[in-house]
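So the structure is just underneath, and the comments pick up after that.
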Amino acid sequence: MEPLYEPHGVEERWQRTWEDEGLYGAEPDTSRPRFVVAHPPPNVTGPLHFGHALQLALADCLVRWHRMRGFNTVFLTGYDHAGISTQNAVEKHLASQGQNRHDLGRARFEEVVWDWLRLYGRTIMTQFRRTGASMDYRRERFTMDDAYVRAVYRFFVHLYRKGWIYRANRIINWCPFHETSLSDLELVHEEVDDALTYVRYPFADVPSDGVTIATARVPTIVADVAVAVHPDDERWRDAIGRHVLVPYVERAVPVIADERVDPEFGTGALKVTPGHDPLDFEIGRDHGLPEPTAIGPDGRMSEAADGLAGLTQDEAETAILDWLREHGQLEKRESYRHAIALCERCSSRIEPLISLQWWCAMAGIKQPALEALRARRVAYHPESQHRFAIESLESAPDWCISRQLWWGHRLPLWECPDGHVTVEETTPSACAECGSTELTQSDDVLDTWFSSALWPFAILGWPEETDELRAWYPGTLNTTAREIIRLWENRMIFSGLELLGEIPFETVIIHTTVLATDGRRMSKSLGTGIDPVEVIDEHGADATRYGLLKVSSTQDSRFSYGAIEEGRKLANKLWNASRLLLQAGEAPVEERPKTLEERWILARLSQAQRGLESDLASFDFAHAVDTLYHLTFDDFCDWYLESIKPRLYARDGDAIATGYAALERLLELLHPVMPHVTEEIWGHLPARRGRLIVAPWPEADESHAADADALVRVQEAAEMFRRSGVRVALEGEELRIFEAVVRPGSAAGDGNAAAEIERLHKEIARAEGMLANERFVQNAPADVVEAERGKLERYRRELDALDG
RNA sequence: GGGCGGUUAGCUCAGUUGGGAGAGCACCAGCUCGACAAGCUGGGGGUCACUGGUUCGAGCCCAGUACCGCCCACCA
């Protein structure tokens, strides 16, 4: 063993070995309690980021812990086809070759996507392995696998037959580049400098007077169907019920009253364009207004207005502004900064358009999920996210499930020439309504989250009744980021309840967002991104896991090289502690405690183990790694190993055997966080067969834990020593331990007695003050007062010892 | 605009039911001993963001303010 632990090579070797030996693999086994994690499938084209790395560290830590504890443990993985994301990646690739998808046609485009995936996709699973994630990679699934597609179709048909899937014309978000509808959750908002234009709409009967509105969307004027004002707005009270002329098209439209108009904005009068604005759409429907459109799916002006058809919106704006100036109806333009919606994939400006889409009604399907959440039959951690999950499900609007993309699951829906719709899991031979055999499958594909919603059971073979489904559904745990709760978590919960009658997992851990070191979001465009693979290359996966778990305590945590470095130091320390023991000589791995420090370290290991178990059980990873760090450095290395050193050099068989036994338990406790270095050292222990990854988790030995005498003696002596820096009041075994830890001649030997005496005087004065305060003695609980008396007594004793 | 989180040492962060302000890094001093100088021992360093309140007692509980951040949102 080299003096410097080098994770490179060691880690890759164990990753290969564990997988080759089948130790990552699991088989359905209903005789043992299960621990099942269906990991969120990454996009097939995406690179590993710190969200993944943290998620893997958290989940793998718990997975390895439960595997050691004897649970039937499986960590499942696979890929998401990620419709729009993948299509966008391939379209960019095509663009770099001067092509677009229309040049290829749909069938050829799909082939190109598959080819492209074979070449560039799926590299992320290699990166998953690099983190040490002990996933059953043999069971890797893809949401476009044939079996998975069957599950998706079963789900669709199920919902359709319950009447929960319907088609409706509504305003939706339209991406003019991808030419598809998008959900609100697929948009990003960006502030832009725009112009706010004030336009006078003359009254139809008295054109010299009118209503002035303010708009940021001049081209949509030609599709206006009303002007709306707030019913309580004195300024416009007399206008309500009259008609105004829409500029350019000179169409008479009513002035209506609606409470959704904000009197504070602009002039307090709103032009109503149901075809191109979500709020206007709502107002229009409530007032029974028509819904003309002026902008087409390509983002250009449609034929709605004479002379504008085919123009870009900018061209149309210029034409309309010219018209307004000529007619004296352009009152002013002012600069205006506001947020607009962009496609999160291609950054095109989103057009709100009315469009015929397929929807999933939420009212029925969400009720059992809400009940389950309220009853905490599934629990989000931390608690605040549980509340958020319930609230977002309560307010979930109907789900637009159709997309006009070319990459995804085609809707299992066929139309005949008469427009009858037939919905089947497999291609039907004839129209269910009229028997026509001229059937055409819908061109639409499903929202990618529609298939993601089935992940925890579709990857187990549902709707087939497989052994895996029986053994591993429902699962145990899911981990994800906050923003995914609505997109995925809640949808898995309601679809699992609907299709299998069970929630897919007991617990959802909402992990922190890993921010850049300066506290800003990690992003390529900000230049704040850090590549986790590079960090692993440089510091090792064990150190990276350690560092990520260490900073994972609050809602948003900054990435910290310091925390990674700490993990590296821990691995190196453990490595060298093992070298010390292994160089001492041959002995069995056996507890033969003969001295105070040996009884103490065994008791400390049990004590720390309990703390660790409690931390892991409550998902408090930051405390878990802190416990492990101090156990290893302070207790195991600095106190225990230093104090047995003389006996190690003397080749004391009992000391060596006990040392191995203690090290073995330390390795077991560390394995879930730092799997590679612990497995490597484990292999060097004498007579060690088998692998640490599947070694049984140690029993928290009651006799060790109960060795209160050893714990108290060492701890009190340590405190005494650390406070005073002198060996007064130490004798016997305690004195021997501290002479081993603190070499004679080091500065600490006779150090700061004077400073300590001063400190004790201050403490005594404080305690005496408290006890002299009658209100404290009367009002504070008796045990608190008693404790204070005890402290005072101890300080006086320590002071006496020092003064003597 | 709404929801959530944060503000404690130079930096990154702990602080469990209210009762002696902590860790790691950095810095300083000593140790240089046959695991590790990526080591050991010790030390200096804090108006716990601010203002009120509750309490014998507040980093912790309550109310408010300021600043930072994340997520969400149809102010045209």
Side-chain angles (χ1 to χ4, degrees), chain A residues 1 3-5 171 184-185 189 196 213-217 220 228 260-262 264-266 269-273 277-282 336 338-339 341 352 382 384-385 387-388 391-392 481-483 485-486 512-513 515 517 519-521 550-551 553-563 565-566 568-569 571-584 614 618 620 622-623 626 629-630 633 637-638 641-642 645 648-649 721-722 725 740-749 751-752 755 762-763 766-767 770 773-781 784-785 787-788 791 795:
Chain A
M1 293 173 78
L4 180 65
Y5 174 63
I171 195 148
D184 292 344
L185 302 168
H189 292 88
L196 192 62
I213 59 90
T215 182
R217 294 298 308 277
T220 68
R260 284 165 287 195
V261 178
D262 177 7
E264 303 295 314
F265 189 90
L270 167 73
K271 76 182 198 64
V272 180
T273 322
D277 183 274
L279 174 64
D280 295 9
F281 180 78
E282 300 286 330
Y336 179 52
H338 67 145
S384 56
Q385 305 303 334
R387 278 204 310 279
F388 173 71
E391 285 163 14
S392 35
R482 269 198 311 291
E483 67 270 20
I485 289 174
R486 295 200 242 193
T512 63
T513 305
L515 303 172
T517 53
R520 289 184 300 165
R521 197 167 51 86
K550 168 113 188 181
V551 300
S553 49
T554 52
Q555 178 168 289
D556 307 301
S557 26
R558 296 178 185 204
F559 178 79
S560 161
Y561 284 105
E565 190 54 37
E566 197 175 301
R568 224 173 64 123
K569 276 178 59 178
N572 191 57
K573 189 71 177 174
L574 193 65
W575 178 255
N576 278 291
S578 310
R579 288 179 62 222
L580 173 65
L581 280 168
L582 288 162
Q583 287 168 13
S614 154
S618 56
D620 188 348
H623 278 115
D626 194 60
Y629 183 89
H630 289 290
F633 265 83
C637 293
D638 298 345
L641 285 185
E642 287 300 335
K645 241 181 201 175
L648 291 182
Y649 293 145
F721 175 82
R722 283 196 165 133
V741 172
V742 184
R743 312 274 164 169
S746 75
N752 299 293
K762 267 161 67 180
E763 290 292 352
R766 187 192 57 80
M770 277 178 85
N773 180 349
E774 279 178 33
R775 291 184 304 178
F776 170 68
V777 179
Q778 276 169 14
N779 294 323
V784 171
V785 178
E788 206 56 42
K791 278 189 247 171
Y795 296 145

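Note: hydrogens, waters and symmetry copies are ignored here, and every other heavy atom, side chains too, is used.
Taking atom CD of E483(A) as the reference point, atom P of G2(B) lies 22 Å away to the nearest angstrom. The interatomic distance linking E391(A) (CD) with G3(B) (P) rounds to 9 Å, in whole Å. Between the CZ atom of R387(A) and the P atom of G3(B) there is a distance of 11 Å, given to the nearest Å. Counting to the nearest Å, the P atom of A73(B) and the CZ atom of R482(A) are 14 Å from each other. To the nearest angstrom, C1' of G24(B) lies 18 Å from OH of Y561(A). When rounded to the nearest whole Å, the span between CD of Q583(A) and C1' of C33(B) equals 15 Å. Going from atom CD of E565(A) over to atom C1' of C36(B) covers 14 Å, rounded to whole Å. Look at CD on E642(A): it is 12 Å from P on G42(B), rounded to the nearest Å.
Looking at the side chain of Y649(A), the nearest of the listed nucleotides A35(B), A76(B), G19(B) is A35(B). Each of A76(B), G19(B), G5(B) was ranked by its minimum atom distance to the side chain of A216(A); first place goes to A76(B). For F633(A), taking side-chain heavy atoms from C-beta onward, the closest of the listed nucleotides C40(B), A23(B), C70(B) is C40(B). With A35(B), A76(B), G19(B) as the choices, the nucleotide that has an atom nearest any side-chain atom of D262(A) turns out to be A76(B). Of the candidates C71(B), A23(B), U41(B), U41(B) carries the atom nearest the D638(A) side chain, counting heavy atoms from C-beta on. The side chain of R579(A) has A35(B) as its nearest neighbour among A76(B), A35(B), C25(B). For R775(A), counting side-chain heavy atoms from C-beta on, the closest listed nucleotide (A76(B), G69(B), C56(B)) is C56(B).
Comparing the P positions of U51(B) and A66(B) gives a spacing of 15 Å, expressed to the nearest Å. Atom name C1', nucleotides A21(B) and C60(B): the rounded distance is 12 Å, in whole Å. Comparing A37(B) with U32(B), their C1' atoms sit 9 Å apart, to the nearest whole Å. Taking atom C1' in both A29(B) and U7(B), the straight-line distance is 34 Å, to the nearest Å. Using atom P as the reference point in both A49(B) and G10(B), the two lie 13 Å apart (nearest Å). Only the C1' atoms considered, G46(B) is 37 Å distant from A35(B), to the nearest whole Å. Across C27(B) and C67(B), the matching C1' atoms stand 30 Å from one another, rounded to whole Å. Between G22(B) and U8(B), the distance separating the two C1' atoms is 10 Å to the nearest Å.
Here N779(A) reaches the OP1 or OP2 of C56(B): one of its side-chain N or O atoms lies under 4.0 Å away. For the OP1/OP2 pair of A76(B) and a distance below 4.0 Å, the side-chain nitrogens and oxygens of Y336(A) include at least one atom meeting the criterion. In this structure, Y5(A) does not reach the A35(B) phosphate: none of its side-chain N or O atoms is under 4.0 Å from OP1 or OP2. Considering only side-chain N and O atoms, K569(A) lies nowhere under 4.0 angstrom from the phosphate OP1 or OP2 of C36(B).
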CA sep, side-chain torsions, deciding dist, call: K573(A), E566(A), salt bridge (charged side-chain N to carboxylate O under 4.0 Å, His left out): CA-CA 10 Å; K573(A) 189 71 177 174; E566(A) 197 175 301; over 6 Å; no
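Annotation: side chain of L279(A) is in contact with side chain of R260(A) (closest heavy-atom distance under 4.5 Å). A 4.5 Å side-chain heavy-atom check between K645(A) and L580(A) finds at least one atom pair inside the cut-off. Side-chain contact between M1(A) and L582(A): present, with at least one pair of heavy atoms (C-beta onward) separated by less than 4.5 Å. Using a 4.5 Å heavy-atom cutoff, the side chains of L4(A) and N572(A) are in contact. Counting only heavy atoms from C-beta outward, the side chains of Q778(A) and V785(A) never approach each other to under 4.5 Å. Proximity of C637(A) to E642(A): side-chain heavy atoms (C-beta onward) are nowhere separated by under 4.5 Å. Counting heavy atoms from C-beta on, the side chains of F559(A) and L515(A) never come closer than 4.5 Å. Residues L196(A) and F265(A) are in side-chain contact: their nearest non-hydrogen atoms beyond the backbone lie under 4.5 Å apart.
Checking K550(A) against S560(A) by side-chain atom types alone, no donor-acceptor pair falls below 3.5 Å.
Using a 4.0 Å heavy-atom criterion, one finds that L4(A) contacts the bases of the nucleic acid, with or without backbone contacts as well. Residue contacts shown for P781(A) include a base, since a base heavy atom lies under 4.0 Å away. Within the nucleic acid shown, R486(A) comes within 4.0 Å of sugar-phosphate atoms alone, with no base atom in reach, counting heavy atoms only. Base engagement by F265(A) is indicated by at least one non-hydrogen atom pair under 4.0 Å involving a base atom. When heavy atoms are screened at a 4.0 angstrom cut-off, Q778(A) is found touching no nucleic acid atom at all. Among the atoms of the strands shown, base atoms are found under 4.0 Å from some heavy atom of V261(A).
Looking at S557(A), its side chain does come within 3.5 Å of a backbone N or O of V551(A) through a donor-acceptor pair.
Counting distance only, with no hydrogens placed and no angle test, the side-chain atoms of E566(A) and the base atoms of A38(B) include no donor-acceptor pair under 3.5 Å. Residue side chain K573(A) does not reach the base of A38(B) through any donor-acceptor N/O pair under 3.5 Å, judged by distance alone.
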Pairs under 3.5 Å (Watson-Crick or G-U), crossing ones as [ ], inter-strand ones as |: RNA chain B comes out as (((((((..((((.....[..)))).(((((.......))))).....(((((..]....))))))))))))....
Pull out every protein N or O sitting under 3.5 Å from an N or O of nucleotides 46-49 of chain B, one pair per line with the distance.
none

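Ring orientation note: the planes of W575(A) and Y5(A) are tilted relative to one another, at an angle of 30° to 60°.
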How would you summarise protein contacts on nucleotides 12-18 of chain B per nucleotide, using B for base, S for sugar-phosphate only and - for none, with heavy-atom distances below 4.0 Å? SSSS---
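Mapping L515(A) and Q385(A) onto RNA chain B by nearest heavy atom places Q385(A) closer to the 5' end of the strand.
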